[in-house]
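Structure record follows, encoded as structure tokens.
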Amino acid sequence: MDNKFLEPYKPDQTEDSIYAAWEKDRLFTPEKAISSGLAKQDAVSFSIVLPPPNVTGVLHMGHAAMLAIEDIVVRFERMRGKRTLWIPGTDHAAIATQSKVEKLLEKEKVSKYDLGREEFLKRVERFAQESHDTIVHQIKKMGASVDWGREAYTLDENRSLAVRTAFKRMYDDGLIYRGHRIVNWDPKMQTTVSDDEIEYVEMTGPFYYLKYGPFVIGTSRPETKFGDRYVVMHPDDARYARYAHGQKVEVEWINGPVTATIIKDTAIDMSFGSGVMTITPWHDAVDFDIAERHRLDKEQIIDERGKLLPIAGEFAGMHISKARPEIVKKLEQKGLVEKIEERYVHNVATNSRGGGVIEPQIKLQWFIDVNKPITLERSNIDGIPPGSLTTLKEIMRKSVASGAIEILPDRFKKIYFQWVDNLRDWCISRQIWYGHRIPAWIPSTISIPNDPKRDNERVKVQIESPGSDWVQDPDTLDTWFSSGLWTFSTLGWPDQDSPDLKLYHPTSLLETGYDILFFWVARMILMSGYHMGEVPFRTVYLHGLVRDAKGRKMSKSLGNIIDPLEMIVKYGADATRMSLIIGTGPGSDLNLSEDKIRAYKKFSNKVWNIARFILSSTEEIDPAKRPTLSDADQRFVDEYDEIVSYVTEHISTYKLHLAAERLYHYVWHTLADIAIEERKSLLREGGDEERRSAQWSLRYVFIGSLKLLHPFMPFITEEIWKSLPEGTQPLIITPWPKT
RNA sequence: GCACCCUUAGCUCAGUUGGUUAGAGCAUUGCAUUCACAUUGCAGGGGUCGGAGGUUCGAGUCCUCCAGGGUGCACCA
């Protein structure tokens, strides 16, 4: 027996060298599984992409849980002989990374404009590289058996080609268009934000009832009202039956008399306020729609920095927040205020990526049309035959509705459909510097690229620059555009003949947090459906948030962050992994405490001691020669076989928590507490025959248990395996026990 | 407003298709421990499974309603 067993298990002294050995021997690659004989040449593929962590800093417990879950499944499938591939990577996370670097620069009292685009991007890239290195280190610490030879970055050369190719194809098909539409504008970060990135914050503030000619209109934002020349009411509203659609009314307004036009539209809620509103199409999505329907004029009131334009008269140049009280004062002086409700509760849209309060604006931007009918030439998606007419929305809906993609837990399907059905065109252009530059060029003779007066026909969309007479659109793409391509851009696309693409797409499993179901999962379904004519994955497994012991979100301000690296140092990666698996089902949040992790450290030690005992007391037997077993030993072996079936079945169906818990109890309270205890006297003073039976069965069950434990606790099981005569090949590429 | 989830031991949570006396970790009580494990073992205490109805031979599990907590989406003039 190896002398190392005379001391307690020390994860911090073994884990790194084990990982290094796995990596050096390329044991994470499907090629090695085949060459070692574990997987057959024509084995079924099992592929999965790592949800690429943002290069904005360090990994947290949520990432650790993700890595643990995925690694368990990957190791399991690899041992079962599938051609198993797990692709790692990181995400440039455009807006998140840029704002992080901007904050760092703020401390040096430098703005990105001081540096200029090029210099600023160098800073971001440096930061991204450092984050990347930290993240890679952390992924390795967790024991994740990803194929590093296939590592990808959402902004590297291959992915960039994929992005430009995808953009051009969608543009040529009319799915990507450039137009003046109302977008979510963040005046603080000076960029558009997609609908999904908006976070509504409840606020209480005054609500003003203003006299608008013969009408009373309600608003919480009097500062937007300067240009209101349309007064809208429901066509069926009896109170306003005497007003006709299109009728003109003279009203006295903030800066003098205006001619208002009556508009009848069913979008009005008759029961809200007076049932009448004026519209500000340039700064409100609903108003914009009404204006579009009736072809009304639209006028900008507020500029990109949140300041009032000349239309505001004496208030021009003021920031809206400063102007509001002044405007209200003037309205009161003119007797236009009917009443003020002081405590009105409403939701204010903010940029969830650390930006400011959203100010809708009409801007010339790039969009993906989700409702445009297109012909999908190549399609393996159930319900969408090749050559049939469909839309991106329908692709997203049918991929899940047909059962081609299974979502676990099931209840997220409803949430997914609700989102798909409410989906509007996706604004994909961002006015930030870090990211994929939009592959569109305009002639350099046009001086202002975003000038709304210029037409779109002079834009060239192509993969490479058309030449020096052309200027590239300064905008970058929403980060989710490139991550949407992730399942196939990591496999060699746009090269359709890429062997990896043929072997591993569609991927088998996508495992990620439920919080990015819309951002990412849905976008991958869209992109893969359109570009590949395939679903991107068969199964979506959604995990929950990792919270603290009391169920609170982990945050710096609460000081309740449990750092995965620190836990790995104290208790080992194996214990950390177990604590993140047991005690939670798919889709539900997990409350984690250091006590819980400590408990699984004890389990590691238990496994270690079982190894020590069994190794020292079964040294003389030959595991390959099965002796006649006593009845008790036969029952013991039978019970183990049941555990094999149970664990196998539950990992296959992604009930990892059940598999892990059962295994934990089996190893500790059956194998150790009962089986070993009962056989101790036999091992010391039993007859030859019954001693051999006891030794062999203990050894057999222990060897099998190590295999079953390996996906959950890869390090300690591999370390023990090394010291066994049975361990001729590393445990990671040893076949799974037969059921 | 629409929808979904949660409510099980002191705390934090498991409990697949309804099936014998409801489980774990931590905490707690007693005993044992020169014995693989001073990171151990054995035994115990603690639960009317949020409330009220219903279906069933049988409900923590299925259905209805109610209460509390949370989340998503919509509205937010």
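In what follows, every chain begins at residue 1, and chains take the letters A, B, ... in the order their sequences are listed.
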Checking base pairs now: Watson-Crick or wobble, both atom distances under 3.5 Å. What partners B/rC57? B/rG19

Using purine N1 to pyrimidine N3 plus N6-O4 or O6-N4 for Watson-Crick, or N1-O2 and O6-N3 for G-U wobble, both under 3.5 Å, which nucleotide pairs with B/rC65? B/rG51

Please evaluate residues A/R397 and A/E394 with respect to the criterion salt bridge (charged side-chain N to carboxylate O under 4.0 Å, His left out), reporting the C-alpha separation (whole Å), side-chain torsions for both, the decisive distance (0.1 Å), and the verdict. CA-CA 5 Å; A/R397 183 166 240 295; A/E394 195 181 45; over 6 Å; no

Is there any protein nitrogen or oxygen under 3.5 Å from a nitrogen or oxygen in nucleotides 37-43 of chain B, and what are the pairs?
{"residue": "B/rC37", "atom": "O4'", "partner": "A/N609", "partner atom": "OD1", "Å": "3.0"}
{"residue": "B/rC37", "atom": "O4'", "partner": "A/N609", "partner atom": "ND2", "Å": "3.4"}
{"residue": "B/rC37", "atom": "O2'", "partner": "A/N605", "partner atom": "ND2", "Å": "3.4"}
{"residue": "B/rC37", "atom": "O2", "partner": "A/K606", "partner atom": "NZ", "Å": "2.9"}
{"residue": "B/rC37", "atom": "N3", "partner": "A/K606", "partner atom": "NZ", "Å": "3.0"}
{"residue": "B/rU39", "atom": "O2'", "partner": "A/N605", "partner atom": "ND2", "Å": "3.1"}
{"residue": "B/rU40", "atom": "O3'", "partner": "A/K606", "partner atom": "NZ", "Å": "3.3"}
{"residue": "B/rG41", "atom": "OP1", "partner": "A/W668", "partner atom": "NE1", "Å": "2.3"}

Surrounding NZ of A/K553 (heavy atoms of other residues, nucleotides or ligands, distance under 6.0 Å), is the total greater than 12? no

Return the pairing partner of B/rG1 with a 3.5 Å limit on both distances, Watson-Crick or G-U wobble; otherwise return none. B/rC73

Strictly below 4.0 Å: does A/K596 bring a side-chain N or O up to OP1 or OP2 of B/rG25? no

P atom, B/rG50 versus B/rC5: distance in rounded Å? 16 Å

Using a 4.0 Å heavy-atom cut-off across all strands, classify A/Y344 as base, sugar-phosphate, or nothing. sugar-phosphate

Does B/rC76 have OP1 or OP2 sitting under 4.0 Å from an N or O in the side chain of A/T219? no

Select base, sugar-phosphate, or nothing to describe what A/S579 touches, counting heavy atoms under 4.0 Å on all strands. nothing

Does the structure show a Watson-Crick or G-U wobble partner for B/rG41, both distances under 3.5 Å? Name it, or say none. B/rC31

Expressed as a whole number of Å, how far does the C1' atom of B/rG10 sit from that of B/rC66? 28 Å

Please tell me whether A/T280 and A/D228 have a donor and an acceptor in their side chains that are separated by less than 3.5 angstrom. yes

Quiz question: by atom type and distance under 3.5 Å, do the side chains of A/E594 and A/Y571 form a donor-acceptor pair? yes

Looking only at the side chains, is there a donor atom on one of A/Y514 and A/D589 sitting less than 3.5 Å from an acceptor on the other? yes

Ring-plane angle category for A/H294 and A/H245, please: parallel below 30°, perpendicular beyond 60°, tilted otherwise. tilted

Under 4.0 Å between any heavy atoms, over every strand shown, what does A/E661 touch: base, sugar-phosphate, or nothing? Just pick one. sugar-phosphate

